[in-house]
Asker: 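Pasting in a structure now, in structure tokens, and then I'll have a few things to ask.
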Protein chains: 2
Amino acid sequence: MTGIHDLAREVGVSTATVSRALRGLPRVSESTRERVLEAAVRLGYVPSPHAVGLASGGQTRSVAIVVPFVTRWYFAAVVHGAEQVLREQGYDLLLYNLAGDSAARHRVLRTQVLTKRVDAVLVVGLGPTAEEIAAMQRQGSPVVTLGARVEEWSSVRIDDVEASRTAMRHLLDLGHRRIAFVGGLGEDGLDFTTPTARLEGYRSSLHDVGLPLDPALELDGRFTLDGGVDCGRAVAAMDQRPTAVFCASDEMAIGLMSALRESGLRVPEDVSVVGVDDHEMARFFDLTTVRQPVHEQGRIAAQQILRSLGGADGPAEVAPEHVELATELVVRATTAAV
Amino acid sequence: MTGIHDLAREVGVSTATVSRALRGLPRVSESTRERVLEAAVRLGYVPSPHAVGLASGGQTRSVAIVVPFVTRWYFAAVVHGAEQVLREQGYDLLLYNLAGDSAARHRVLRTQVLTKRVDAVLVVGLGPTAEEIAAMQRQGSPVVTLGARVEEWSSVRIDDVEASRTAMRHLLDLGHRRIAFVGGLGEDGLDFTTPTARLEGYRSSLHDVGLPLDPALELDGRFTLDGGVDCGRAVAAMDQRPTAVFCASDEMAIGLMSALRESGLRVPEDVSVVGVDDHEMARFFDLTTVRQPVHEQGRIAAQQILRSLGGADGPAEVAPEHVELATELVVRATTAAV
DNA sequence: TTGAAAGCGCTAACAC
DNA sequence: GTGTTAGCGCTTTCAA
């Protein structure tokens with residue numbers, strides 16, 4: 001591996017000059033810079049990130065993105081959006097996929113594994129606990145959350161309560177009065193805020209129109225396809241079957257509909273179904289849903305990170321910024337009047 | 001930030017002893033080790049990866065995973081599998097998502113961005129060109145490919161030609177003789193080997209039973225949902241419509257079926273459809289497909305990486321190992337006899 | 001405009 | 001068992 005020393009010797013200048021030339025700093029004559037650049041290419045010189053980081057105050061030029069799952073479309077799309085923006089600015093993305101494992105969550109959010117490894121952290125789809133917040137603050141690097149609001153950090157998200165209420169309003173407008181909810185709580189030992197908020201939107205919608213809450217109508221679909229299937233079977237088997245089901249995610253809605261149809265029920269004739277996300281597959285199921293900008297949230301979160309990382313002169317203490325993106329009802333063919 | 005020096009002073013020993021104690025090396029008395037460990041926790045000491053890397057020969061304890069897309073289920077599942085295995089061994093995952101961008105591909109595979117940043121590289125779903133292979137070899141770190149076979153490196157994959165032939169055999173057995181192919185080539189400027197191999201399987205299957213190749217029946221679905229939709233429309237509009245379509249991926253099959261149905265065609269009565277992958281959504285479309293182990297391929301590729309990284313004593317020159325996993329026909333309801 | 005030299009925070013020989 | 005002493009490959013004063 002050719003190092004800066006080899007380069008310096010080759011060009012006949014000092015390592016300091018090489019360093020300046022390579023980084024485009026002033027006080028290097030054009031001719032020297034050119035010779036250095038040329039030799040660098042010729043010798044295939046690549047600076048060691050370790051040495052650079054060590055010598056210049058521990059920067060890593062990389063940010064960690066922590067996701068509860070990476071195989072779910074929503075999270076993958078968020079990662080994609082964030083990666084694009086960060087890559088443009090020369091940052092690398094370190095992926096921490098908790099994969100529904102609470103031990104992994106603890107390791108990443110409570111211990112110091114991230115310390116000194118990254119310049120910033122993007123936490124997606126998790127509502128950090130007070131201890132986790134404290135632990136991450138102790139690490140010193142800026143944090144941005146996506147999908148949850150933490151006062152001390154910048155965040156991007158949608159209003160989950162309102163998204164739920166949009167879906168519910170649609171069902172109520174269609175005349176449905178017995179509406180089931182399929183959501184998820186404390187999923188795999190991870191603590192999310194989204195499931196809670198969506199349940200809350202469901203409940204408050206019913207409350208607003210004077211309908212009673214029926215615990216039997218609140219189902220746990222674990223935010224997965226299979227969970228949706230289970231709930232679909234449960235709904236089909238109910239004595240007093242609901243005329244509509246509000247699923248807190250499209251994936252659960254898809255699983256649910258499949259089970260419903262398997263049980264001989266028609267959607268939307270027998271049961272109306274509405275989801276949340278506008279998953280890439282939603283249109284193929286003709287699923288009525290509440291669309292949220294996913295890729296976009298990833299991009300914005302990444303921009304917030306860049307903002308907190310500041311320009312060339314290190315982390316700027318910026319005030320936390322909370323962005324809330326709009327959602328939109330997309331009516332397709334899985335909902336109909338009672 | 002407390003450094004090894006602070007720790008040493010605190011405990012009253014030298015930094016060398018602290019280093020040994022922390023890393024569990026021999027020649028440290030139990031009592032000393034305990035005191036060091038205790039103080040480390042108390043002071044919240046975390047070694048600087050930069051310094052460690054620099055001092056101990058440039059290791060990074062991280063590996064790069066290069067994927068052409070991260071939002072497609074297949075790649076996300078591969079990433080998940082690989083991450084699990086690498087994380088267990090204490091490696092971090094640097095994600096390089098090309099996102100269908102050939103400039104990005106060039107940057108990652110041809111330039112030296114990866115040099116000194118990672119200990120190894122996992123290239124997924126791309127058939128590196130000769131120049132790319134040469135460029136990566138110049139970087140020195142071990143490389144493993146997933147989904148393509150490169151002689152100089154270890155690899156995991158399925159036999160794509162055979163997977164195609166399995167699907168085709170199924171259609172031929174059902175009596176289909178006019179069979180269209182939906183695949184993709186040179187997708188977004190990226191060069192894949194999978195599309196080519198799957199096309200080859202289609203062609204050779206027809207050839208084997210003495211059927212002619214009809215260029216009009218070979219469609220480009222770009223390996224996307226939308227591409228599948230386009231092909232579905234094209235198929236529906238054909239004068240001599242095929243009785244069956246073999247799609248080189250489930251996602252294209254799903255898009256295709258949707259367009260077919262929109263055009264008033266029934267699946268499988270009017271057209272049989274078979275895909276490849278066994279995408280998590282395939283069962284909800286009752287899609288007949290050729291299943292490949294996805295998560296598993298990610299895990300195995302990661303193990304190959306660990307193998308090439310060797311134990312504690314650095315990269316071992318291991319002979320490339322080429323693993324080929326079996327596929328399996330999953331018959332559901334989108335295929336029927338003519 | 002350039003160079004010498006002192007670190008950055010750790011590991012690794014080697015000596016004790 | 002433990003400490004001393006060099007670096008690892010850069011950046012960054014400070015002089016020149």
Side-chain angles (χ1 to χ4, degrees), chain A residues 1-37 39-40 43-61 90 112 115-119 139-140 312-314, chain B residues 1-37 39-40 43-61 90 112 115-119 139-140 312-314:
Chain A
M1 283 289 103
T2 83
I4 200 171
H5 251 95
D6 309 280
L7 236 190
R9 197 178 318 119
E10 173 76 16
V11 181
V13 294
S14 73
T15 60
T17 301
V18 169
S19 176
R20 278 182 293 235
L22 254 22
R23 288 178 302 149
L25 294 187
R27 302 168 161 221
V28 177
S29 77
E30 257 326 300
S31 75
T32 306
R33 189 188 306 280
E34 272 167 24
R35 277 158 53 227
V36 170
L37 255 30
L43 302 190
Y45 168 73
V46 179
S48 148
H50 283 328
V52 173
L54 231 207
S56 49
Q59 285 191 67
T60 63
R61 295 299 290 179
Q112 317 218 38
T115 310
K116 300 181 186 169
R117 292 205 69 93
V118 294
D119 295 346
Q139 317 214 157
D313 29 276
Chain B
M1 282 291 104
T2 83
I4 201 172
H5 251 94
D6 309 283
L7 237 191
R9 195 178 319 117
E10 173 76 15
V11 182
V13 295
S14 72
T15 61
T17 302
V18 169
S19 176
R20 272 174 246 148
L22 254 22
R23 289 178 300 150
L25 296 187
R27 304 171 159 214
V28 176
S29 79
E30 258 325 300
S31 75
T32 306
R33 189 187 305 279
E34 273 167 24
R35 277 157 53 226
V36 170
L37 256 29
L43 302 190
Y45 168 73
V46 180
S48 149
H50 283 327
V52 173
L54 232 206
S56 48
Q59 285 191 65
T60 64
R61 295 298 291 179
Q112 316 218 37
T115 310
K116 301 180 186 171
R117 292 205 68 92
V118 294
D119 294 345
Q139 316 213 158
D313 31 275

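Residue numbers begin at 1 in each chain, while the letters A, B, ... track the order of the sequences. Note that these values count all heavy atoms, side chains included, but never hydrogens, waters or copies made by symmetry.
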Asker: OP1 or OP2 of dT1(C) less than 4.0 angstrom from a side-chain nitrogen or oxygen of T32(A), does that happen here?
Answerer: no

Asker: Using a 4.0 Å cut-off on protein heavy atoms (strictly under), produce a 5'-to-3' string for nucleotides 5-16 of chain C with B for base contact, S for backbone-only sugar-phosphate contact, and - for none.
Answerer: --BBBBSBB---

Asker: Which heavy atom of M1(A) sits nearest a heavy atom of T115(B), and at what distance?
Answerer: SD-CG2, 4.2 Å

Asker: Out of curiosity, R27(A) CZ to R33(A) CZ, how far, rounded to the nearest 0.5 Å?
Answerer: 12.5 Å

Asker: How close do R61(A) and D119(A) get, counting heavy atoms only, and between which atoms?
Answerer: N-OD2, 2.9 Å

Asker: Give, for atom CZ of R9(B) and atom OG of S14(B), the distance between the pair rounded to the nearest 0.5 Å.
Answerer: 13.0 Å

Asker: Side-chain contact test, heavy atoms from C-beta onward, threshold under 4.5 Å: evaluate it for R20(B) versus V36(B) and give yes or no.
Answerer: no

Asker: Should T60(B) and R117(B) count as side-chain neighbours, where that means a heavy-atom distance under 4.5 Å?
Answerer: no

Asker: Got a second to check how far K116(A)'s NZ is from H50(B)'s NE2, nearest 0.5 Å?
Answerer: 10.5 Å

Asker: Taking the axis from the first five pairs and the axis from the last five, what angle separates them in the helix from dT1(C)-dA16(D) to dC16(C)-dG1(D), rounded to 10 degrees?
Answerer: 30°

Asker: Are L7(A) and L22(A) packed together at the side-chain level, in the sense that at least one heavy-atom pair is separated by less than 4.5 angstrom?
Answerer: yes

